[in-house]
Protein chains: 2
Amino acid sequence: MAKFKLDEVDHQILDMLIDNTRIPFTDIAKKLLISAGTVHVRVKKMEEAGIIKGSSLTLDYKKLGYSFIAYIGVFLQNTSQTKFVLERIESIPYVTVAHITTGKFNIFCKIRAKNTMHAKEIIFKIDDIEGVYRTETMISLEESINDKKRLMHTIFNEL
Amino acid sequence: MAKFKLDEVDHQILDMLIDNTRIPFTDIAKKLLISAGTVHVRVKKMEEAGIIKGSSLTLDYKKLGYSFIAYIGVFLQNTSQTKFVLERIESIPYVTVAHITTGKFNIFCKIRAKNTMHAKEIIFKIDDIEGVYRTETMISLEESINDKKRLMHTIFNEL
DNA sequence: GGTGAAACTTCTAATAA
DNA sequence: TTATTAGAAGTTTCACC
């Protein structure tokens, strides 16, 4: 995948949008001493180039009753079943990410559940998929999410 | 953490905002046959209640030259060092999430890197942290992220 | 590329129901 | 709680640098 050229102004715009997507373009323009029209054009270009894939709300899942996070490593009977099993795992709504991995596991996924009981159900569902040999669960006792901004700054300082 | 009461209108609003945070409130209002003022009030309430924690851009990290994802399981010499090591791991900008976990590993994290070489550097950095006994790496060959919308719908259907 | 202004759209808070 | 309203604010386009 090719890199896309972003200049300092683009960086600054992304920097302001990344943790508040609804910040007015006029505010961005004021801070960067450019016109709102320019901000608009820049954002549009980054969207068209696919750098900005979209925007999303950050919800508090704990407040919605979902405070349980676990990672499940999946061992397959046979690697030829990878695609098949992956599709079935993806179809479970409580699975937030799934990966095909090298190393110990064939497939690796993250789940978000209400509680231990609920997690058990989800894990059993994965265990029951045809081709799954066994699974290994790691329960998250504490999650710390790194600011996207920091990675972004690091990336920009390298480009 | 307590659950927060959301009614059907709140659900619909979140549903429209979750994959496009910049959709005009007037559009939401039209679709839900309510006024834009009501949308405004509802969103504000959900923000105040902390259900909506914020909004963020979804960037294409591949296009920014970061196409390597791996999970690192960390074994500690002693669990009393957990906090100390976790803090050091979090301070690495390429670490996107870190967890304290039950099961095989003491700490578990996800990294985003440019390539294999770069990942090696990051892993060595983790290995070098005082208190880390050894690490185990799982390289992601393919990542599939589940739509937030689907989990949200599932949650709402239960409430 | 960028700007500034015009035309249009949306936001937001106060008021009323 | 919700709707209406109206002025303030933001977005988007475009002729011109």
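Residue numbers begin at 1 in each chain, while the letters A, B, ... track the order of the sequences. Reckoned from all heavy atoms, side chains included, excluding hydrogens, waters and symmetry mates.
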> May I have the distance from A/Gln12 (atom CD) to C/dG2 (atom C1'), rounded to whole angstrom?
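It works out to 17 Å between those atoms.
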> Does one side chain, of B/His99 or A/Tyr71, offer a donor that lies under 3.5 Å from an acceptor on the other?
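Distance-only check passes for B/His99 and A/Tyr71.
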> Tell me if the CZ atom of A/Phe84 is crowded by more than 12 foreign heavy atoms within 6.0 Å.
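Atom CZ in A/Phe84 is packed in, count exceeds 12.
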> Strictly by modelled atom types, are B/Thr82 and B/Thr79 linked by a side-chain donor-acceptor pair under 3.5 Å?
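Checked: B/Thr82/B/Thr79 side chains show no N/O donor-acceptor pair below 3.5 Å.
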> At under 4.0 Å, does any side-chain N or O of A/Arg42 touch on OP1 or OP2 of C/dG2?
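So the side chain of A/Arg42 is within the cut-off, an N or O lying under 4.0 Å from OP1 or OP2 of C/dG2.
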> Any pair with a residue in residues 123-135 of chain A that passes salt bridge (Lys or Arg N to Asp or Glu O under 4.0 Å), sequence neighbours left out, goes on the list, sorted by first then second residue, please.
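Only A/Arg134-A/Glu136 qualify under salt bridge (Lys or Arg N to Asp or Glu O under 4.0 Å).
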> Do you see a donor-acceptor pair shorter than 3.5 Å between the side chains of B/Thr21 and A/Thr21?
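There is such a pair (donor and acceptor under 3.5 Å, judged by atom type) between the side chains of B/Thr21 and A/Thr21.
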> In this structure, how many angstroms lie between the P atom of C/dG2 and the CD1 atom of A/Ile28, rounded?
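The distance from CD1 of A/Ile28 to P of C/dG2 comes to 14 Å, rounded to the nearest Å.
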> Can you give one letter per nucleotide of nucleotides 3-17 of chain C, 5' to 3': B if a protein heavy atom sits under 4.0 Å from the base, S if only from the sugar-phosphate, - if neither?
B------SSSS----
